[in-house]
Amino acid sequence: MMKFIVLVLGLGALANAAIAMGEAVAELDVNGDGMLSVSEVQAAYPDISAETFSEVDTNSDGALDDAELIAGQEQGLLPDMSVN
Ligand SMILES: [Ca+2]
Ligand SMILES: [Ca+2]
């Protein structure tokens, strides 16, 4: 019984983390296009330079999508933007 409860709580925590990630993007996404421009990122994180931004923007389209944002965080280029 305890094991079942622990498992359910664990799955719930994973789901919350995924939702928090999406909410973080949405929160920073001022114009609602689902991507983060350099100005949207810098509005929340002024420390992030244009150089860092283009390093994270691996396909060089001038905006960060979810995958680039997560990869940038995993590489330590971006701060953890998930809302906790
Ligand atoms: Ca945007
Ligand atoms: Ca991009």
Side-chain angles (χ1 to χ4, degrees):
M1 188 61 189
M2 269 316 279
K3 266 188 182 167
F4 177 71
I5 292 169
V6 169
L7 180 66
V8 168
L9 289 176
L11 288 175
L14 281 178
N16 284 340
I19 291 165
M21 182 67 78
E23 280 176 355
V25 175
E27 209 168 297
L28 301 184
D29 183 18
V30 177
N31 66 359
D33 64 354
M35 311 274 284
L36 299 182
S37 66
V38 64
S39 58
E40 286 171 340
V41 171
Q42 286 179 340
Y45 300 96
D47 290 349
I48 296 175
S49 66
E51 285 80 23
T52 302
F53 183 90
S54 43
E55 222 173 302
V56 178
D57 181 20
T58 46
N59 67 356
S60 300
D61 65 350
L64 303 186
D65 57 30
D66 279 341
E68 288 168 340
L69 197 67
I70 292 165
Q73 289 173 6
E74 282 173 353
Q75 291 165 42
L77 294 169
L78 298 175
D80 183 3
M81 294 175 183
S82 56
V83 181
N84 284 315

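Both counts, for ligands and for their atoms, begin at 1 and track the order of listing.
- Within Asp33, the N/O/S atom positioned nearest the Ca ion (ligand 1) carries the name OD1.
- Taking the Ca ion (ligand 1) as reference, the nearest N/O/S atom within Asp29 carries the name OD1.
- No option in Leu64, Asp61, Leu69 other than Asp61 meets the side-chain contact (heavy atoms from CB on, under 4.5 Å) test with Met35.
- A donor-acceptor pair is defined here as one N or O able to donate and one able to accept, closer than 3.5 Å; no such pair exists between the side chain of Gln42 and the backbone of Phe53.
- For the atom pair CG of Asp57 and CG of Leu36, the computed distance is 10.5 Å after rounding to the nearest 0.5 Å.
- Residue-and-atom listing of protein N/O/S atoms under 3.0 Å from the Ca ion (ligand 2), sorted by chain and number: Asp57 OD1, Asn59 OD1, Asp61 OD1, Ala63 O, Glu68 OE1, Glu68 OE2.
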**OP:** For Val41 and Val56, run side-chain contact (heavy atoms from CB on, under 4.5 Å): C-alpha distance rounded to whole Å, both residues' side-chain angles, the deciding distance at 0.1 Å, then the answer.
**Re:** CA-CA 11 Å; Val41 171; Val56 178; over 6 Å; no
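- With sequence neighbours excluded, the residues that form a side-chain hydrogen bond (donor to acceptor under 3.5 Å, both in side chains) with Ser39 are Ser37.
- A pairwise comparison of heavy atoms in Leu28 and Ala44 identifies CD2-CB, 3.2 Å as the closest pair.
- The angle Glu40:OE1 - the Ca ion (ligand 1) - Asn31:OD1 amounts to 130°, with values rounded to 10 degrees.
- A donor-acceptor distance shorter than 3.5 angstrom exists from the side chain of Glu68 to the backbone of Asn59, with no hydrogens or angles considered.
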